[in-house]
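Computation of the quantities below employed the complete heavy-atom set of this structure, encompassing side-chain atoms and omitting hydrogens, waters and symmetry-equivalent molecules. This structure is a prediction, so every number in the text was calculated from the model and none was measured.
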Amino acid sequence: MRAFDGQHSDNQPIRRNTAEKQKQLRELKETLAGMKPHVAQTLRDSVRKRIKELEAELKTR
């Protein structure tokens, strides 16, 4: 079945409000703190990158 224009499955970013972003930031920080030592460095880096992006977004608002 083909997607139609504007369907939710289109490759679009999820829009979040400030409260949702703060919640996601808090959860990501908890995830990073709870990671075991054997977790891949690239996964740690991607979580850190997302944390920095969210912090920057929240500072501009």
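- In terms of heavy-atom proximity, Val47 sits nearest to Leu28 at CG1-O, 3.8 Å.
- One finds the CG atom of Leu25 at 12.0 Å from the OG1 atom of Thr18 (value rounded to the nearest 0.5 Å).
- In this structure, CG on Leu54 lies 12.0 Å from CZ on Arg26, to the nearest 0.5 angstrom.
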Problem set entry | Derivation and outcome, side-chain contact (heavy atoms from CB on, under 4.5 Å), residues Lys29 and Glu55 | CA-CA 11 Å; Lys29 286 181 178 182; Glu55 288 174 340; 3.3 Å; yes
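- A salt bridge links Glu53 with Arg50; the closest basic N to acidic carboxylate O contact falls under 4.0 Å.
- In plain terms, the two heavy atoms of Arg44 and Val39 that are nearest each other are NE-O, 3.7 Å.
- In this structure, Glu57 CD and Gln24 CD are separated by 8.5 Å, a value rounded to the nearest 0.5 Å.
- Salt bridge status for Glu20 with Arg15: absent, with no side-chain N to carboxylate O gap under 4.0 Å.
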